[in-house]
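Right, one structure below, let's go through it.
Positions are given from 1, in the same order as the sequence printed here.
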Amino acid sequence: VQLQASGGGLVQAGGSLRLSCTASGRTSSSSSNLMAWFRQPPGKEREFVSTITRSGATTLYSDSVKGRFTISRDNAKNTVYLQMNSLKPEDTAVYYCAAASVIFQTDNLRETRGYPYWGQGTQVTVSS
């Protein structure tokens, strides 16, 4: 499955951006039961942002974005979105989407090792 992320850019602090990530390929539907966003700030390791199940009934957020970011998905389009509001300079990072067909250990929902499929990343820069 291939993941294509888009929507990044430069925004002032307090502004908003919406990221999109579309899964494609022969097994894209079954391979993307879970879709997630991670980010990698400059000079730091990749970190979990949010994840969503296929039904949308379950979503998880990191503490740093809870209340400001909203994850959603459109299964007909095999697309996951990340609406980012009240952006802060510390949100500056390359944002990656990821997908998995199933994750058996709940701890892995927030870990890169839980997701075998990754997009190329999109840069988000928040100026102060």
Side-chain angles (χ1 to χ4, degrees):
V1 62
Q2 292 80 46
L3 301 175
Q4 181 69 43
S6 62
L10 173 64
V11 64
Q12 288 188 331
S16 299
L17 281 175
R18 189 176 84 151
L19 305 183
S20 301
C21 176
T22 298
S24 63
R26 195 171 56 176
T27 60
S28 60
S29 181
S30 61
S31 298
S32 58
N33 289 326
L34 288 146
M35 297 190 79
W37 290 97
F38 286 75
R39 67 186 182 186
Q40 189 163 13
K44 297 184 178 180
E45 293 187 352
R46 198 169 298 188
E47 63 185 28
F48 171 77
V49 176
S50 184
T51 192
I52 186 168
T53 56
R54 171 164 291 280
S55 69
T58 300
T59 57
L60 296 174
Y61 296 93
S62 67
D63 289 343
S64 61
V65 307
K66 196 176 297 181
R68 299 188 298 120
F69 292 10
T70 302
I71 192 169
S72 62
R73 65 188 294 167
D74 182 338
N75 292 329
K77 296 180 179 180
N78 279 341
T79 299
V80 64
Y81 304 97
L82 187 68
Q83 178 65 44
M84 306 186 294
N85 298 329
S86 302
L87 284 161
K88 305 175 181 180
E90 51 264 44
D91 295 317
T92 295
V94 177
Y95 283 71
Y96 296 90
C97 62
S101 58
V102 62
I103 295 179
F104 293 107
Q105 294 180 279
T106 55
D107 286 351
N108 285 343
L109 286 170
R110 298 174 181 267
E111 301 292 338
T112 57
R113 62 174 177 264
Y115 299 86
Y117 307 110
W118 290 85
Q120 85 288 2
T122 184
Q123 176 70 46
V124 171
T125 303
V126 184
S127 63
S128 58

Would Arg39 and Asp91 satisfy side chain to side chain contact (heavy atoms under 4.5 Å, CB included), going step by step from the backbone distance to the final call? CA-CA 9 Å; Arg39 67 186 182 186; Asp91 295 317; 2.9 Å; yes

Going only through I, L, V, M, F, W and Y residues with side-chain contacts under 4.5 Å, is there a path from [X] to [Y]?
{"X": "Met84", "Y": "Phe48", "value": "no"}
{"X": "Trp37", "Y": "Leu87", "value": "yes"}
{"X": "Val80", "Y": "Trp118", "value": "no"}

Identify the two heavy atoms, one from [X] and one from [Y], that lie closest to each other, and give their separation to 0.1 Å.
{"X": "Ser16", "Y": "Ser86", "result": "OG-N, 4.4 Å"}
{"X": "Leu17", "Y": "Gly8", "result": "CD1-C, 4.5 Å"}
{"X": "Leu3", "Y": "Ala23", "result": "CD2-CB, 3.5 Å"}
{"X": "Ala100", "Y": "Gly114", "result": "CB-O, 3.6 Å"}
{"X": "Thr92", "Y": "Val126", "result": "OG1-N, 2.9 Å"}
{"X": "Val1", "Y": "Ser24", "result": "CG2-O, 3.2 Å"}

Tell me if the aromatic rings of Phe38 and Tyr115 count as close, with their centers under 6.0 Å from one another.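 For Phe38 and Tyr115, the ring centres are under 6.0 Å apart.
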
Hey, what do you get for [atom1] ([X]) to [atom2] ([Y]), rounding to the nearest 0.5 Å?
{"X": "Cys21", "Y": "Gln120", "atom1": "SG", "atom2": "CD", "result": "8.0 Å"}
{"X": "Thr79", "Y": "Asp74", "atom1": "OG1", "atom2": "CG", "result": "6.5 Å"}
{"X": "Gln4", "Y": "Asn78", "atom1": "CD", "atom2": "CG", "result": "14.0 Å"}
{"X": "Thr53", "Y": "Ile71", "atom1": "OG1", "atom2": "CD1", "result": "9.5 Å"}
{"X": "Thr106", "Y": "Glu111", "atom1": "OG1", "atom2": "CD", "result": "11.0 Å"}

Pair [X], [Y]: side-chain N/O donor-acceptor within cut-off below 3.5 Å:
{"X": "Asn108", "Y": "Arg110", "answer": "no"}
{"X": "Asn33", "Y": "Arg54", "answer": "yes"}
{"X": "Ser20", "Y": "Ser6", "answer": "no"}
{"X": "Tyr117", "Y": "Ser101", "answer": "no"}
{"X": "Gln123", "Y": "Thr125", "answer": "yes"}

If we check side chain to side chain contact (heavy atoms under 4.5 Å, CB included) with Ile52, which of these qualifies: Thr59, Leu60, Thr58, Leu82?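 Among Thr59, Leu60, Thr58, Leu82, the one meeting side chain to side chain contact (heavy atoms under 4.5 Å, CB included) with Ile52 is Thr59.
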
Counting distance only, does the side-chain N/O of Ser64 pair as donor-acceptor with the main-chain N or O of Ser62 below 3.5 Å?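 Not confirmed, Ser64 side chain does not pair with Ser62 backbone.
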
Could you walk me through whether Tyr61 and Val49 pass side chain to side chain contact (heavy atoms under 4.5 Å, CB included), step by step? CA-CA 6 Å; Tyr61 296 93; Val49 176; 5.9 Å; no

Salt-bridge contact Lys66-Asp63 (side-chain N to carboxylate O under 4.0 Å):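 Looking at Lys66 and Asp63, the cut-off is met.
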
Walk me through it: do Met35 and Arg73 pass the test side chain to side chain contact (heavy atoms under 4.5 Å, CB included)? CA-CA 8 Å; Met35 297 190 79; Arg73 65 188 294 167; 3.7 Å; yes

Could you go step by step and tell me if Thr122 and Val94 meet the side chain to side chain contact (heavy atoms under 4.5 Å, CB included) rule? CA-CA 5 Å; Thr122 184; Val94 177; over 6 Å; no

Check whether NZ of the Lys or CZ of the Arg Arg46 lies under 6.0 Å from the centre of the six-membered ring of Tyr96 and within 45 degrees of that ring's axis.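 Checked: cation-pi criterion met.
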
Just say parallel, tilted or perpendicular for the rings of Tyr95 and Phe69, cut-offs at 30° and 60°.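 Correct class here is tilted.
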
